Amino acid sequence: MGVGNVWINFWVVLNQIIERVTSFFRRCAFNVLSMGSIPIHVAFIMDGNRRFAKKKKLAEGAGHRFGYLSLVSMLKYCFEFGVKYVTIYAFSIDNFQRSPEEVQSVMDLMLEKVELLIREESLVNQYGVRLHFLGNLGMLSEPVRKALEKAAIATSNNNRAVLSICVAYASTDEIVRAVEKSCEEKWDEMNLKSANGEGNDLGKELVMAENGENFITLADVEKHMYTTVTPEPDMLIRTSGEARLSNFLLWQTSSCYLYSPSVLWPEINFWHFLWAILNFQRNNLRLVKKRKQL
Ligand SMILES: CC(C)=CCC/C(C)=C/CC/C(C)=C/COP(=O)(O)OP(=O)(O)O
């Protein structure tokens, strides 16, 4: 055996030992934290990828590639910790206004990684995660849309957790669409009543509308949101120190704990995640009370 091979074997074994030791410490830390409340649903705004590339003097696209690695680590920590739902802001409708090269580069990355995520041995299958894509998917190119549909179908039998990936997403777009659908549904219902000669009911509804009562209810709108498969997030982590929602889950986050560490997304690590959970646990009692009052 050459000296080169000895070194390679040494590195492989060393990395395995490091992974086992860190995994042991992770489990210890999780066991301690599990005594407190665990968020059921965590959402991420993965901010700071381009700034990371700039800081490290890398090509812009490299920032998003490193960002993907952080995403995989965060998913692993979430699912190891027992989080059941994770939602990520992968591409906003506003992001389409970036240069065509950048849009293409993120789309290529998404295509490549979604293919990886549905492989048999992937993290998604290891943790039994169903992939759910939400947003105005009609804005995507056909190959990307087809790849996302394929991934959703390939993971549809996984039932231990859900990863919702928001692509071509804007919360205001989601709300407008849900209100439109609710109105259409209501009009159809009224037309049916009128066709069945139930004029009285129809009359009552028109009087209600004239009196300023709601023509459609919160429940009507909620039924048409993209997020019906998940409960509301308990914690939203946005990296790079920004404490804004940037049109992400505006409807769903009224009593969600927002945590915004100053670290850039590709730099986020286990300790940031742990610290986020600790902060969540400190604030959760107050938020649970608030939710009950709503
Ligand atoms: C399979 C899959 C879902 C892959 C997703 C990969 C990934 C990390 C996408 C992030 C996309 C994005 C526009 C992030 C925001 O950072 P930014 O570009 O706005 O960076 P900045 O805040 O520094 O400008």
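Both counts, for ligands and for their atoms, begin at 1 and track the order of listing. These values consider heavy atoms only, across backbone and side chains, with no hydrogens, waters or symmetry-generated copies. Worth saying up front: this structure is predicted, and the values here are computed from it rather than measured.
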query = Taking I216 as the fixed residue, which of K181, H224, K186 is the one that meets the side chain to side chain contact (heavy atoms under 4.5 Å, CB included) rule?
reply = K186
query = Above 12 or not: heavy atoms from other molecules or residues under 6.0 Å from CG of N15?
reply = yes
message = Please verify the inter-ring angle class for Y257 with F280; under 30° counts as parallel, over 60° as perpendicular, anything in between as tilted.
response = tilted
request  = Quick one: sort the F30 and F81 rings into parallel, tilted or perpendicular, breaks at 30° and 60°.
outcome  = tilted
Starting from [atom], locate the nearest protein heavy atom and write down its residue, its atom name and how far away it is, to 0.1 Å.
atom	answer
atom 4 (C) of ligand 1	Y68 CD1, 4.0 Å
atom 6 (C) of ligand 1	L109 CD2, 3.8 Å
atom 24 (O) of ligand 1	R50 NE, 2.8 Å
atom 15 (C) of ligand 1	M46 O, 3.2 Å
atom 14 (C) of ligand 1	N49 ND2, 3.2 Å
atom 19 (O) of ligand 1	R98 NH2, 2.7 Å
atom 23 (O) of ligand 1	R51 N, 2.8 Å
atom 1 (C) of ligand 1	K113 CB, 3.7 Å

Judging by distance only, is a nitrogen or oxygen of [X] under 3.5 angstrom from one on ligand 1?
X	answer
E102	no
G48	yes
N95	no

Nearest-option assignment for atom 12 (C) of ligand 1, heavy atoms, candidates S105, A90, A147, S240 = A90
Looking just at side-chain N and O atoms, do [X] and [Y] make a donor-acceptor pair shorter than 3.5 Å?
X	Y	result
Q252	T227	yes
R145	S141	no
N284	D234	no

ask   = Do the two ring centres, one from F91 and one from Y169, sit under 6.0 Å apart?
value = no
